[in-house]
Participant: 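One structure, as structure tokens, below. Some questions next.
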Amino acid sequence: MQLTLEFGGGLELLCDSVKIHSVDVDLPSEEKQLTMKHLLAWVRSNLIKERPEMFMKGDTVRPGVLVLVNDCDWELSGQLDTTLENKDVIVFISTLHGG
Amino acid sequence: MESNGGVDESTRLLRELQSLKDSKRDIEARISVIEAQLQQSQSNQLLDKKASSDCPNCVSDSGHDLTPDMIYRYSRQLLLPSFGVKGQSNLLKSSILVIGAGGLGSPALLYLAACGVGRLGMVDHDVVELNNLHRQIIHGEAYIGRSKVESAAAACRSINSTIEIIEHKEALRTSNALEIVSKYDIVIDATDNAPSRYMISDCCVLLGKPLVSGAALGLEGQLAVYNYNGGPCYRCLFPTPPPTTACQRCSDSGVLGVVPGVIGCLQALEAIKLASLVGEPLSGRMLLFDALSARIRIVKIRGRSSQCEVCGENPTLTQQNFQHFDYENFTQSPLSPAPLKLKLLPEGSRITSKEYEKVVKNGNTHVLIDVRPSHHYKIVSLPNSMNVPLANLEEKLPEMESVLKGVESVYVVCRRGNDSQRAVNVLHKMGVFNAKDIVGGLESWARDVDHRFPTY
């Protein structure tokens, strides 16, 4: 499945400072649909190069990270259970506090 | 004796100069207030006269209370069909509080003063520093060392002497937040740290004030309107504070001046929309600004959470316990971000910058490792130091073995003396037992040894 993943607000530092990743993610065996839960595990083992605790806590993202599926907060689409489709754009953004 | 007299004399003159400057500033402030009052009363008289001289049938009363001066000053806004007299009148009757007179607050305050917000308040406890000026454009060189609020208020008054400007020269805390915020209709969060953001959002929910929240760091910015018309509050979005290591600060990570400038301008715009009742506020949405790729993305965020501890169905926070809520403990980070001062090493594994100066003067054989990131090292470094960033230290150690062999000591330096301690711990673990760190880093070198050594 072709997906575009974007990292911002400093999270890109965890993946070699690259903000936009065009990736091809295979469906887990015996699954019909790719969910955010699968994707997070995939991102953690394939894209995150350092300090994974700055990206995830348990099986979800750490506090202070917003997840957007096609420009929409994943809270509105079922968080970890959100099902993904080909060509979806998923943004992971860390909230900023500076000013 | 004589030279002492000279010192006393110049101290006395400096004091007198400062006191005269202070009096001058006070007088100037009073002059501008009186000028504004005079202008106001003259145009009111003009209006009264006009109203009484015109025949009742002529309908001189145009249905608004803008004075001729106001009409001229704000004419370009009045000419906007979607804003017009109604929008301007609403704006003139509104009050806006800007918390933080820094990178975000600077442009926000300038635009809010200029556009004719009736009452404009500002809160900050900080003083202006030279390294603020690249982004905090409301302040000038003449105000270095003086209160940011005083400086910002003077700038706002010089643009618009006809609005009310209120100075709160103090840090916003749980003890004064309810009282200060309650005096305004709309709040702009232009602060720079996590505990303040939670405190301000909670305070706005408790008092029912809409909040225009902006943040900027490096080359990115974020903007949202919270607690507006049934929309979410900051806590609905971020119920759990992020780990402290995820809260970067401009003084560590850097920021391009114009980036908070852009977000601060957008905060002013959202506040103007709320105050004038014009347009569609950025509530339930968030604006994400990426300066480097020149992209602005507006995303839909969740609505108000019924589970929210502050604005949900069963809120646990009340005005009473807000005043005792420990936001620093909640977010595990300080309200006024002071640089972290770690103490990881025993005394024996550390030397002061003055002691290091002696090592250099005595010609003792040693290696000085600077563990800052390479872009920091390029700004300024001590002579004969080698740059091995902390992140690469472990992997680089095998290559460094020949250099480290045979020297009396290995010293480690960084910017402030925190990473250098972490690095010494790494070195000790890897068998380099003669490694010590320089207490307080390059900042202490600049302070205690070489005053001309640049700091940043």
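Labels below follow one simple rule: chain letters A, B, ... track the order of the sequence lines, proteins then strands, and each chain is numbered from 1.
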Participant: Using non-hydrogen atoms and a 4.5 Å limit, figure out which bit of B/Leu292 sits close to chain A: side chain, backbone, both or neither.
Facilitator: neither

Participant: Check the pair B/Tyr228, B/Tyr226 against ring-ring contact (aromatic ring centres under 6.0 Å, His included), reporting the backbone distance first and the verdict last.
Facilitator: CA-CA 5 Å; B/Tyr228 172 77; B/Tyr226 295 114; over 10 Å; no

Participant: In terms of heavy-atom proximity below 4.5 Å to chain A, should B/Asp189 be classed as side chain, backbone, both, or neither?
Facilitator: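 Nothing of B/Asp189, per the 4.5 Å heavy-atom cut-off to chain A.
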
Participant: Give me the ring orientation class for A/Phe7 and A/Phe55: parallel if the planes are under 30° apart, tilted from 30 to 60°, perpendicular past 60°.
Facilitator: tilted

Participant: Between B/Ala216, B/Gly303, B/Pro241, who has the most heavy-atom pairs with chain A when the cutoff is under 4.5 Å?
Facilitator: B/Ala216

Participant: Is the shortest side-chain heavy-atom distance between A/Leu84 and A/Met1 below 4.5 Å?
Facilitator: yes

Participant: Checking heavy atoms, do the side chain of A/Leu13, its backbone, both or neither come under 4.5 Å from chain B?
Facilitator: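 Just the side chain, heavy atoms under 4.5 Å.
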
Participant: Quick one: closest heavy-atom pair of B/Ile301 and A/Asp73, and the distance?
Facilitator: CA-CB, 3.6 Å

Participant: Heavy-atom pairs under 4.5 Å with chain A - which of B/Ala194, B/Pro260, B/Ala391 has more of them than the others?
Facilitator: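 Heavy-atom pairs under 4.5 Å are most numerous for B/Ala194.
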
Participant: Using heavy-atom distances under 4.5 Å, tell me whether B/Phe289 contacts chain A through its side chain, its backbone, both, or neither.
Facilitator: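 Neither part, no heavy atoms under 4.5 Å.
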
Participant: Can you find a pair of side-chain heavy atoms, one from B/Glu280 and one from B/Arg285, that are under 4.5 Å apart?
Facilitator: yes

Participant: What part of A/Ile93 is in contact with chain B, defined as an atom under 4.5 angstrom from a non-hydrogen atom: side chain, backbone, both or neither?
Facilitator: side chain

Participant: Is there side-chain contact between B/Leu266 and B/Leu287, with heavy atoms separated by less than 4.5 Å?
Facilitator: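 The answer is yes; the side chains approach within 4.5 Å.
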
Participant: Stepwise, does the side chain to side chain contact (heavy atoms under 4.5 Å, CB included) test hold for B/Arg197 with A/Leu96?
Facilitator: CA-CA 10 Å; B/Arg197 292 187 180 279; A/Leu96 303 177; over 6 Å; no

Participant: Heavy-atom distances under 4.5 Å only: say whether B/Thr240 touches chain A with side chain, backbone, both or neither.
Facilitator: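 Both backbone and side chain.
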
Participant: Side chain, backbone, both or neither: which part of A/Lys19 has a non-hydrogen atom closer than 4.5 Å to chain B?
Facilitator: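 When you check distances to chain B, only side chain atoms of A/Lys19 fall under 4.5 Å.
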
